[in-house]
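Worksheet: the structure to be examined is printed underneath.
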Amino acid sequence: MLRAPRGTNDILPGAQFRWQDSARWQALEEAIRRISLQYGYQELRPPVFEQTELFARGVGESTDIVQKEMFTLMPRGGEGEEGSTLTLRPEFTAGMVRAYIENGLHNLPQPVKVFTYGPAFRAERPQKGRFRQFHQWDVEVFGAQDPAVDAEVIEIGIALARRLGLEGLEVSLNSIGCPACRPAYRERLRAHFRPYLSELCPDCNRRIDQNPLRLLDCKVDADHPAMRTAPTTVEHLCDECRQHFAALQDHLRALGIPYRVDPKIVRGLDYYTKTVFEVLHPQLGAQSALWGGGRYDGLVEHLGGKPTPGVGFAMGMERMLMVLDEMGIPLPPPPRQDLFFAALGEAARRAALPVVYALRRQGLAVDLDYLGRSLKAQMKYAGRLGARFVAILGESELERGVVVLRDMDQGQQREVPLTAEALAQALAEAMRP
RNA sequence: GUGACCGUAGCUCAGCUGGUUAGAGCGCCAGGCUGUGGCCCUGGAGGUCAUGGGUUCGAAUCCCAUCGGUCACCCCA
């Protein structure tokens, strides 16, 4: 049997599918759109694939994502054609930045606040909360260095979670400095760890040259004595970065968002400067980060744009839906069917069809039976659909030009003339509180 | 890429130390109620017991391999 590719998921109709229920996805997407627009963010949809080079340069050559997790497409099925391959996006920021530069969005009113959501792809081994195709809500702000903006992008995620009814989030925060202070810090880290290299894991030995900050979040050597005595980023920030970090914390306190400073979070993407953060929920298992992000003041320039500060985050939609499901938190249900038209027999159905379509053209959610089933079966089906009313049209009603209109919630029914106008009016009356 | 555990109806699972035609609940379809949903009762459809090989008189059950899944490591949303 043909199966969905490893690490992908079907989004299906039906509450029994838990976090894969398409109604729950629609509710989350709706919440995302609403809160984004409410906070002044506009939608920017970049393509799902980009030139490979964008991710190599934007995410960072030394990252795991670029080195071993990208789905790179073979152009026209052929090998070769070096240098111009396409890659399914492994994250959103690089494409958002590319679109900002390419379309001259620095000419828009500043700062430029954009959001998007959709699938991203990483060739990882799947496990709970981690997939090869996964979905993110992405938020980015270009052109503002004010730490109040860092606070805003942290707050908007919290606000969404709160609006959905999710409690128990843990915000971790750190500052990893900027080109002014990080080089000196990096050297200090190298000097600190170099005497212990023989005792550290192979990855750390590699990282000390390429990206010494990553030594700090190494799980293998977490208990090594050198880790506890390691210099922290926040102790070595330049004045500007220190002030920025302090101001951000002031804002978070003012917003009533509890957080803790965690010197160990450095993030796996190369482009971050100053602020980095993650938001965790303990219910989730090993992949406990619901979302994460930070500031990337050098990235726009690095990708060929004018020097432009930026800050943003990406939230894992599967992870959000899984936590909501495990916490038993309901989401707004989709609108129910207004009317199910139960026509008995061929003549009745011929008479019913024009009425059904007329009601649909008026915008009512109306459905009918196509399997020629008994009234009982049609009633049962209408009940499963959650239809608010059922219109019953049998021989005797057809002769008299009426339908029996049954209120499925109240269990009451009455006769109504067999016209779209009469039915629409009867439904409007009955649904008025 | 590494490790552990697991593959029996659409779903959740039972099937004892190998022993006739492989079961249940839910779901689906139909009937009980020849025109009225939810509750109840009855019946039906639906399975190459993941696949291939081996051991055996006999394998869903034991062994091996392959494929797939889950969880964890690494890393991340």
Under 4.0 angstrom between A:K376 side-chain N/O and B:G37 OP1 or OP2: yes
Cationic N near anionic O, under 4.0 Å, A:E91 to A:R89: no
Identify each atom pair where a protein N or O and an N or O of nucleotides 24-29 of chain B are less than 3.5 Å apart, giving names and distance.
| from | atom 1 | to | atom 2 | distance (Å) |
| --- | --- | --- | --- | --- |
| B:G27 | O3' | A:R384 | NH1 | 3.2 |
| B:C28 | OP1 | A:R384 | NH1 | 2.2 |
| B:C28 | OP2 | A:R384 | NH1 | 3.4 |
| B:C29 | OP1 | A:R373 | NH1 | 3.0 |

For A:Y196, all residues meeting ring-ring contact (aromatic ring centres under 6.0 Å, His included), sequence neighbours excluded: A:H224
d(CD, A:Q67; C1', B:C74) in whole Å: 13 Å
Parallel, tilted or perpendicular, as decided by the 30° and 60° cut-offs, for the rings of A:F71 and A:F121: perpendicular
Pairwise C1' distance, B:U8 and B:A60 [rounded to whole Å]: 6 Å
Can you give me every donor-acceptor pair (side chain of residues 28-37 of chain A, partner residue at least two apart or in another chain, under 3.5 Å) with its distance?
| from | atom 1 | to | atom 2 | distance (Å) |
| --- | --- | --- | --- | --- |
| A:E30 | OE1 | A:R33 | NH2 | 2.7 |
| A:R33 | NH1 | A:Y117 | OH | 2.6 |
| A:S36 | OG | A:I32 | O | 2.7 |
| A:S36 | OG | A:W137 | NE1 | 3.2 |

Selection from B:A77, B:G35, B:G37 that lies nearest to any side-chain heavy atom of A:R122: B:A77
Nearest listed nucleotide, side chain of A:R319, among B:C76, B:G35, B:G37: B:C76
Close side-chain approach of A:L299 to A:T93, heavy-atom, < 4.5 Å: yes
Sugar-phosphate, base or nothing in reach of A:E124, heavy atoms under 4.0 Å: base
Nearest-nucleotide comparison on RNA chain B, the residue closer to the 5′ end among A:L344 and A:R130: A:L344
G-U wobble or Watson-Crick pairing nucleotide for B:U48 (cut-off 3.5 Å, both distances): none
All N/O contacts under 3.5 Å from nucleotides 41-49 of chain B to the protein, with atom names and distances to one decimal?
none

Watson-Crick or G-U counterpart of B:A24, or none if no pair lies under 3.5 Å: B:U12
Whole-angstrom distance between B:A9 and B:C49, as gauged at atom C1': 10 Å
Atom pair distance, as rounded to whole Å: CZ in A:R132 and C1' in B:C74: 14 Å
Sugar-phosphate only, base, or nothing, as touched by A:E395 at under 4.0 Å among non-hydrogen atoms: base
C1'-based separation of B:G3 from B:A14 [nearest Å]: 30 Å
Of A:E69 and A:L284, the one whose closest RNA chain B nucleotide lies more 5': A:L284
Nucleotide B:G37, atom C1' - distance to CG of A:D369 in whole Å: 14 Å
d(CD, A:E415; P, B:G35) in whole Å: 17 Å
Rounded distance (nearest 0.5 Å) linking atom CG of A:L364 with atom CE of A:M431: 6.0 Å
Lys/Arg-Asp/Glu bridge criterion (N-O < 4.0 Å) met for A:R295, A:D297: yes
Inter-residue atom distance A:L324.CG - A:Q283.CD, 0.5 Å rounding: 11.0 Å
Counterpart base for B:G43, defined by Watson-Crick or G-U wobble contacts under 3.5 Å: B:C29
Identify all pairs in which a protein N or O lies below 3.5 Å from an N or O of nucleotides 65-71 of chain B, and state each distance.
| from | atom 1 | to | atom 2 | distance (Å) |
| --- | --- | --- | --- | --- |
| B:G68 | O2' | A:R3 | NH2 | 3.3 |
| B:G69 | OP2 | A:R6 | NE | 3.4 |
| B:G69 | OP2 | A:R6 | NH2 | 2.9 |
| B:C71 | OP2 | A:K128 | N | 3.0 |

Interatomic distance at C1', B:A59 relative to B:C64, whole Å: 15 Å
Span that lies between the P atom of B:G25 and that of B:G68, in whole angstrom: 35 Å
Rounded distance (Å) that lies between atom P of B:A77 and atom CD of A:E140: 12 Å
Check ion pair A:D10-A:R3 (N to O, under 4.0 angstrom): no
Whole-Å distance separating the CG atom of A:D138 from the P atom of B:C76: 17 Å
Positive for salt bridge (charged side-chain N to carboxylate O under 4.0 Å, His left out) with A:E124, one of A:K68, A:R6, A:R130, A:R132: A:R130
More than 12 heavy atoms from other groups under 6.0 Å of CZ on A:R336: yes
Touch class at under 4.0 angstrom, heavy-atom based, for A:Q413 against every strand present: base
Side-chain donor/acceptor of A:S374 to base of B:G35, under 3.5 Å: no
Distance flag, aromatic centroids of A:Y296 and A:Y271, threshold under 6.0 Å: yes
N/O donor-acceptor pair, side chain A:R18 with base B:C11, under 3.5 angstrom: no
Separation of B:G35 C1' from A:F340 CZ (nearest whole Å): 15 Å
Base partner of B:G3, which must satisfy Watson-Crick or wobble distances under 3.5 Å: B:C71
Within-4.5 Å side-chain heavy-atom neighbours: A:R98 and A:V300: no
Complementary nucleotide for B:U61 - Watson-Crick or wobble, under 3.5 Å: none
Touch class at under 4.0 angstrom, heavy-atom based, for A:A382 against every strand present: nothing
A:W291 aromatic ring stacked with six-membered ring of B:A77, 5.5 Å and 30°: no
Summary of side chain to side chain donor-acceptor pair (under 3.5 Å) pairs that have at least one residue in residues 379-401 of chain A, sequence neighbours excluded: A:R388-A:D407, A:R388-A:D409, A:R400-A:E415
Sugar-phosphate only, base, or nothing, as touched by A:E397 at under 4.0 Å among non-hydrogen atoms: base
Protein-nucleotide distance (A:L405, atom CG; B:G37, atom P), rounded to Å: 17 Å
